[in-house]
Every structure is written in C-alpha cells, then in structure tokens.
There are 2 protein chains.
Amino acid sequence: MFVLGVDPGLSRCGYCCLQAAVPVARPVALGVITTPPSSPVPARLAELLDEVRMLFDECRPQVLAIERVLFQTNVQTAMSVGQASGVIMAEAAQRGIAVVEYSPNQVKEAVAGHGAAGKEQVTRMVQTLLDLPAPPRPADAADAAAIALCHLAQSAALVGARR
Amino acid sequence: MFVLGVDPGLSRCGYCCLQAAVPVARPVALGVITTPPSSPVPARLAELLDEVRMLFDECRPQVLAIERVLFQTNVQTAMSVGQASGVIMAEAAQRGIAVVEYSPNQVKEAVAGHGAAGKEQVTRMVQTLLDLPAPPRPADAADAAAIALCHLAQSAALVGARR
C-alpha cells in the first residue's frame, strides 16, 4: 500500500509517499512543491494542481493523508491553506483515492508520542522511524512524512483492534 | 463577452453568468450549487468541481469574477470558503479563463453605490440593473450576479479611462 502524506500550502506544500513495509515504511517520494508568491493566486493553484497530478500519477497512492488545519490564528493563512488543500482533496476524490485528515496534534502524538512535540523533534523521529541516514529536509517534507506515518500507525492500530 | 460571477462556498456556492450587452447585461445562467454537509469534505469538493466544470462548459466565460474573502471572523468558515474558491480558481486558470477577485465592499459599492449596503438592497439593485421581473433568488445567486456586474462596471470604467 502507498500512502501520500501532504502538508498543504500554496507557497510550500510538503509531500511524502510511503510504501507500507515491514519492519520500516519505505519513502518513495519526498519533497516540497513551491509556487512563486509573485504570481497571481489562480496561476499558483493551477501550478500546484499540475504538480500534484504528476505526483498521483507517479506514486499511485491508495490513500491521501493530509493535515487538517483547524486553529490557524491568521485568517489569510487559513484561506491560503484552505485553497491549496481544496485543490488537492478534490483531485484525490475524483481519482477515487481515499482522503483522511489528521490534526497537527494527532500527527505529533503518532510520531513523537506527545502532541506538544517541536518541529526538530518530529524531524528526528521521522528519521528514526524511516531508518534514514540523515534527517529529512526541508521541514515541510518531514512534516508530510510524519502525516503519512501517522496514517500507517492509525491503520495498524485499526487492524490490531479488529483481530 | 461572458462573465461568470461566483460567490464561493462549500455548502452553497452562488453563480451567475452574464452576457455583456447594451443597454443591460443578460443573465444566461443563475443559481446555487449545493453539496450535502453530511458528506465528507473531499467528496463535496469533487462534486462542486464537477458542477463548476459543467458550468464552464455551458457558459464558456472569458472571465471568472469571484469574491475575495479577507475578513471572515470564523477561521473554519474561511478554510471552507478557501477550499471551494481554490478548486474553482484552479479549474478556471487551467482552462485559460481570466480570474479577477473582488472584495465584498467593492461589489457592494459597484452595484449599490456604497460598501455598507445590505443583502436585500444588493438583491434589489441587481434586479434593477439586469431589468428582471422579480428579485433574483436565492441570495447567494443574487450575490454572484452582483459580483459579475461589479466586473462589468470595472471593465467599462477601464475602457472609459483608456479613451
């Protein structure tokens, strides 16, 4: 099974596609999609959509795990994250890819054991859990990997609970 | 020229396609796209995208005029409006349709003469400006008509300024 983790954003959108494997999940794609803040928003959204389509075509994920942003203090940021996540979720749904949303706290708890974990701690835990030689960079890509790992952990828990 | 005005939203998305004509613009499509709040957000966004694609196919607008929401007090509403507007703007940009955003105040000023106009006043002005036998309903469709009218007024002003 392939899970695509996404940390949505218009300026920087982190992604990480993980192949569920034992004993450790294998990252098959990891990076950040950026769009130039100097371009008009509609053109940036169209560019993001193009990149996301290529990612879906390459990775063929069964699941899109995406961060749900509930308590952005800045309304303008919430709008912008909403626009990016809307484009990505609509494309996934139209392809029949299951979409699961996780809150930042759920993600931190899943990879670091507590919801108050800092960015650096999440990055180090992602490195450990994926058995990587170096911490994944940039931070947005590491966050996306954490979101994908959170989904794998939740799925494993569900499978365990059903047994 | 055809202008598609859109008042973006996930539960209710108002639209109105106007054909620029003299002495009055002619509405060729007017209504509201709704998606069920009981469905998951990704499915609702995909449904909205399907409907918007049909609207673009039918009306073939040169311009999408869409409301820019800057000061939503509720962050959850801002996210949801952002998701809907993101999906619509990305689709428009990918089709080469020009996208122009207008603030609620710009729209009210353009159709009612002042930015503090109420919903009912906007609806009545839309009825007058489009020479309709009855006030356009529901309010979201009237708002979308006001956004399209705002764009026509701005374009006329620009043409006038160039002369």
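Residue numbers start from 1 in every chain, and the chains themselves are labelled A, B, ... in the order their sequence lines are given, proteins ahead of strands. In this text the structure is predicted, and so the values were computed from the model without any measurement.
Hydrophobic clustering places B:L18 together with B:Y102 (ILVMFWY residues linked when any side-chain heavy atoms are closer than 4.5 Å, directly or through intermediates). The cluster map of Ile, Leu, Val, Met, Phe, Trp and Tyr, joined by side-chain heavy atoms under 4.5 Å apart, puts A:L30 and A:V6 in different clusters. Hydrophobic cluster membership differs between B:I66 and B:V81, with clusters built from Ile, Leu, Val, Met, Phe, Trp and Tyr side chains linked at under 4.5 angstrom. Linking ILVMFWY residues whenever their side-chain heavy atoms come closer than 4.5 Å, directly or via other members, leaves B:F2 and B:L55 in distinct clusters. Linking Ile, Leu, Val, Met, Phe, Trp and Tyr residues whenever their side-chain heavy atoms come within less than 4.5 Å places A:L48 and A:L64 in a single cluster.
For the side chain to side chain contact (heavy atoms under 4.5 Å, CB included) with B:P42, the qualifying choice from A:V99, A:V100, A:I97 is A:V99, the only one to do so.
Only the backbone of B:A43 comes within contact range of chain A, with heavy atoms under 4.5 Å apart.
A:L45 is not listed as a side-chain neighbour of B:Q94, based on a closest heavy-atom distance of 4.5 Å or more. Counting heavy atoms from C-beta outward, B:Q83 and A:V87 have side chains that stay 4.5 Å or more apart.
Considering only heavy-atom pairs separated by less than 4.5 Å from chain A, the leading option among B:S85, B:G86, B:A92 is B:G86. Comparing A:V41, A:L10, A:D50 by how many heavy-atom pairs each has under 4.5 Å with chain B, the most go to A:D50. When each of B:A84, B:A90, B:P8, B:S80 is checked for heavy-atom pairs under 4.5 Å with chain A, B:A90 comes out on top.
A:L49 CG to B:M89 CE: the interatomic distance, rounded to the nearest 0.5 Å, is 12.5 Å.
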